[in-house]
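Computed over heavy atoms, backbone and side chain alike; hydrogens, waters and symmetry mates excluded. Proteins come first, then strands; the chains are lettered A, B, ... in the order of their sequence lines, and each starts at number 1.
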Amino acid sequence: MTETRLRFPPSPTGYLHIGGARTALYNWLYAKKNNGKLILRIEDTDADRSTKESIQGILDGLDWLGIDYDEGPFFQTDFHDDHVTSAQKLLDNGSAYKCFCTKEVLDAKREAAQAAKQQRGYDRTCRHLSPEEIAEKEAANIPYVLRFKVPERTGTLGYDDKILGRIESNYSELDDFVIVRSNGKPLYLLCNVVDDIRDRISHIIRGQDHMTNTIKQILLYEALDAPQPVFAHMPLTLDTKKAKISKRSHGEIVAIQFYRDNGFIPWAFNNFLALLGWSAGNDQEFFTKEELIEAFSLERINKSSAIFNYRKNDPKFFTDPKAIYINEHYLRTMDIGALAVMVKRELVAENIWDPRYDEDKKEWYLSTLALIRDRFHTLKDFASLGRAYFAEDFTVEPKPLKKNVLKFEGLKEWLPELANRYEALESFNLEETERVARELATELEIKPGIIINGMRTVVTGQLAGPSMFDILMAIGRERVILRLRNIDNLFA
RNA sequence: GGCCCCAUCGUCUAGUGGUCUAGGACACCGGCCUCUCACGCCGGGAACAGGGGUUCGAGUCCCCUUGGGGUCACCA
């Protein structure tokens with residue numbers, strides 16, 4: 001049995017997006033599951049469109065997701081010689097020929113064919129040139145491209161797709177495609193195959209948009225006398241209008257980077273991506289890394305394309321609701337220590353990180369995270385919605401301010417009074433703080449909720465949150481008293 | 001337009017001829033819980049694109065129609 005070798009070959013013409021990441025993930029999962037290797041190959045032969053930033057963006061994206069590779073990154077341009085050698089081999093063994101037709105002539109023919117509603121492939125004018133004619137044109141320095149000579153066979157050419165099943169195409173539909181440009185640079189179709197042969201790729205998992213390439217590439221494998229890999233064409237990721245997702249038309253919402261920058265947990269996002277077009281066949285939707293690798297299989301990938309259900313300008317969801325839901329799930333169930341590391345980055349970025357959270361205040365830090373994480377959606381929320389736990393410069397949101405504070409003028413006296421009683425308390429604990437608060441409400445003949453909710457707003461700035469008295473314990477007596485006494489400022 | 005692929009709730013999906021009056025999840029709507037808001041729990045609405053076959057029996061197999069997508073470059 002030969003080694004299982006997969007590859008992810010992005011072209012660095014834009015940042016890593018949802019679709020690309022999912023392709024990478026499926027390749028990675030398959031490699032891991034079969035004790036194989038994953039090779040990262042940057043296909044940068046399009047010099048005009050490839051950029052350094054894009055390469056870095058792809059590398060960063062994969063790194064963030066935790067999709068690691070065993071070999072590479074390789075750069076396709078470094079193997080230019082291989083590509084040229086193979087092209088020459090194809091010319092020598094009669095699998096390719098020189099075509100002297102100019103682009104202008106071809107374009108004109110194509111347009112004419114289209115107008116006449118006929119098939120628009122190359123008419124093979126140069127395929128039958130005699131050696132003399134070729135010599136003549138070469139002597140005249142007419143530029144030429146190299147075209148692959150599609151074998152003159154009847155019937156169909158096909159392969160067994162691991163996802164789609166048997167795929168066949170008629171020989172008569174096949175065009176003599178260009179493999180080398182007139183400037184001597186080999187094209188994608190060829191480079192890709194040559195690289196995959198050299199890298200001994202055994203399985204090619206890629207998007208369905210490559211299906212027509214596959215038929216042509218199979219011919220290339222044959223002409224190059226190389227074993228054909230297993231192909232698996234995964235469904236495409238579409239937007240809510242069923243259009244192909246692209247960075248260009250959808251912007252940052254489809255970029256992996258966006259999810260990193262918006263507080264997603266990397267594994268949660270992988271989990272979401274895995275479920276976009278694949279299911280384990282049962283009701284399981286949360287997987288650890290090990291579980292997902294174990295459960296993954298090509299056969300269970302859906303044939304139909306999946307819609308990335310992001311909602312632009314939705315006040316409640318800034319992306320696919322399911323992605324957020326999965327993120328929330330991990331946020332509240334993951335190991336608190338691991339979460340602490342992620343939240344630290346957020347607090348550091350906001351300049352509200354205290355180094356003691358790693359030392360003598362570690363226990364407080366961890367228990368506070370455990371207390372507040374239940375209501376959060378992303379990592380970002382710890383530094384924004386949860387700011388009051390870590391800093392004094394939190395903002396009091398307008399809605400709770402109006403509803404819970406300004407509506408009750410009396411709070412101006414009541415909360416400072418409560419602060420006094422908290423200060424006098426022998427022991428500032430859960431039971432005592434609640435007892436005192438309710439006692440005060442009874443004395444004042446008001447509903448305890450007025451005191452409690454007013455206090456929540458004043459102490460945390462938020463409309464909602466954990467149980468009030470748990471909050472008190474987390475914030476601590478000193479800071480609670482200061483904030484309660486500070487209520488006047490809110491009426492100003 | 002040619003060729004290719006696809007088709008179950010709004011979205012992700014389960015379903016491989018009978019156990020489907022179609023199951024789960026998200027989202028949505030009620031209710032419970034409650035100091036708020038979530039979580040959680042309970043409940044609700046919501047789909048087999050249409051038409052023909054095959055079969056005792058079809059969401060499941062076949063055909064047609066319709067719809068969606070992909071691809072038709074000296075891009076990758």
Side-chain angles (χ1 to χ4, degrees), chain A residues 9-13 43-46 48-50 76 99 101-103 106-107 110 113-114 117-121 143-147 161 164-165 167-170 172-175 177-189 191-192 207-215 233 235-236 238 240 242-244 272 275-286 302-311 316-317 320-326 328 332 374-377 400 403-404 434 437-438 441 447-457 460 462-469:
Chain A
S11 60
T13 55
E43 307 222 316
D44 56 347
T45 51
D46 187 345
D48 293 340
R49 298 199 299 154
S50 298
Q76 193 161 55
C99 171
C101 297
T102 65
K103 194 171 175 7
L106 258 23
D107 285 345
R110 199 165 15 240
Q114 190 166 354
K117 295 191 174 175
Q118 284 171 343
Q119 215 174 323
R120 22 180 151 163
Y144 61 85
V145 299
L146 240 46
R147 278 185 189 277
D161 193 289
L164 265 12
I167 302 291
E168 294 196 328
S169 201
N170 216 295
S172 59
E173 299 289 340
L174 264 30
D175 207 15
F177 54 94
V178 177
I179 54 175
V180 180
R181 295 180 176 95
S182 55
N183 65 7
K185 286 192 174 169
L187 255 5
Y188 166 77
L189 237 26
C191 298
N192 193 248
Q208 290 186 4
D209 49 343
H210 282 283
M211 263 191 291
T212 44
N213 287 336
T214 301
I215 291 289
H233 290 96
L236 265 16
L238 272 24
T240 47
K242 299 196 172 180
K244 198 177 166 186
F272 165 72
L275 258 22
L276 210 53
W278 174 88
S279 80
N282 50 37
D283 289 340
Q284 186 175 0
E285 351 203 35
F286 298 112
N302 253 280
K303 291 180 176 180
S304 52
S305 43
I307 292 172
F308 176 55
N309 194 23
Y310 78 96
R311 313 189 175 179
K316 201 165 173 189
F317 305 100
D320 191 319
K322 199 144 194 175
I324 295 177
Y325 167 75
I326 292 175
E328 287 166 353
R332 36 187 171 247
D374 279 0
R375 267 150 268 252
F376 291 166
H377 310 292
K403 186 181 171 193
N404 293 335
E434 176 160 8
R438 288 185 185 278
K447 282 191 279 186
I450 294 175
I451 294 287
I452 292 172
N453 292 326
M455 175 157 56
R456 172 177 289 106
T457 304
T460 67
Q462 297 292 314
L463 181 65
S467 168
M468 190 58 230
F469 304 97

For C41(B), which nucleotide in any strand shown is its Watson-Crick or wobble partner with both distances under 3.5 Å? G31(B)
I'd like a table of atom pairs between the protein and nucleotides 73-75 of chain B - only N or O on both sides, under 3.5 Å - with the distance next to each one.
| from | atom 1 | to | atom 2 | distance (Å) |
| --- | --- | --- | --- | --- |
| C74(B) | O2 | Ser182(A) | N | 2.9 |
| C74(B) | O2 | Ser182(A) | OG | 2.9 |
| C74(B) | N3 | Ser182(A) | OG | 2.9 |
| C75(B) | OP1 | Arg181(A) | NE | 3.3 |
| C75(B) | OP2 | Arg181(A) | NE | 2.5 |
| C75(B) | OP2 | Arg181(A) | NH2 | 2.8 |
| C75(B) | O3' | Arg181(A) | NH2 | 3.3 |
| C75(B) | O2' | Asp46(A) | OD2 | 2.3 |
| C75(B) | O2 | Arg49(A) | NH2 | 2.9 |

Given C5(B), is OP1 or OP2 found less than 4.0 Å from the side-chain N or O atoms of Lys303(A)? no
Choosing from A76(B), C37(B), A27(B), which nucleotide comes nearest the side chain of Asn213(A)? A76(B)
Would you indicate which nucleotide in C3(B), U13(B), A76(B) comes nearest to any side-chain atom of Ser169(A)? C3(B)
G2(B) phosphate, OP1 or OP2, under 4.0 Å from Asn170(A) side-chain N/O: no
I'd like to know if the side chain of Asn453(A) reaches the main chain of Gly449(A), judged simply by a donor and an acceptor atom lying under 3.5 Å from each other, with no hydrogens or angles considered. yes
Give the nucleotide from the list C5(B), C26(B), A76(B) with an atom nearest to the side chain of Pro321(A). C26(B)
What string of B, S and - do you get for nucleotides 65-70 of chain B, 5' to 3', if B is base contact, S is sugar-phosphate-only contact and - is no contact with any protein heavy atom under 4.0 Å? ---SSS
Taking only the side-chain nitrogens and oxygens of Arg438(A), find out if one of them lies under 4.0 Å from OP1 or OP2 of C35(B). yes
Which base sits across from A7(B) as a Watson-Crick or G-U pair, both distances under 3.5 Å? U66(B)
Across the strands shown, which category fits Gly465(A) at heavy-atom distances under 4.0 angstrom: base, sugar-phosphate, nothing? base
Report yes or no: is there a donor-acceptor pair, N or O only, under 3.5 Å between the side chain of Arg456(A) and the base of C37(B)? no
Heavy-atom nearest pair, Leu106(A) first then Arg147(A), reads CD2-NH2, 3.4 Å
Among the nucleotides A14(B), C37(B), C35(B), whichever has the atom closest to the side chain of Ile452(A) is C35(B)
Just name whichever nucleotide pairs with G1(B), Watson-Crick or G-U, keeping both distances under 3.5 Å, else none. C72(B)
Among U13(B), C3(B), C35(B), which is the nearest nucleotide to the side chain of Met468(A)? C35(B)
For the side chain of Phe317(A), counting heavy atoms from C-beta on, which of A27(B), U36(B), C35(B) is nearest? A27(B)
Glu43(A) has its side chain closest, among C6(B), A76(B), G24(B), to A76(B)
Distance between the P atoms of C9(B) and G30(B), in whole angstroms? 25 Å
Pairwise P distance, G51(B) and A25(B) [rounded to whole Å]: 31 Å
Which nucleotide in the set C12(B), A14(B), C5(B) lies at the smallest distance from any side-chain heavy atom of Leu164(A)? C5(B)
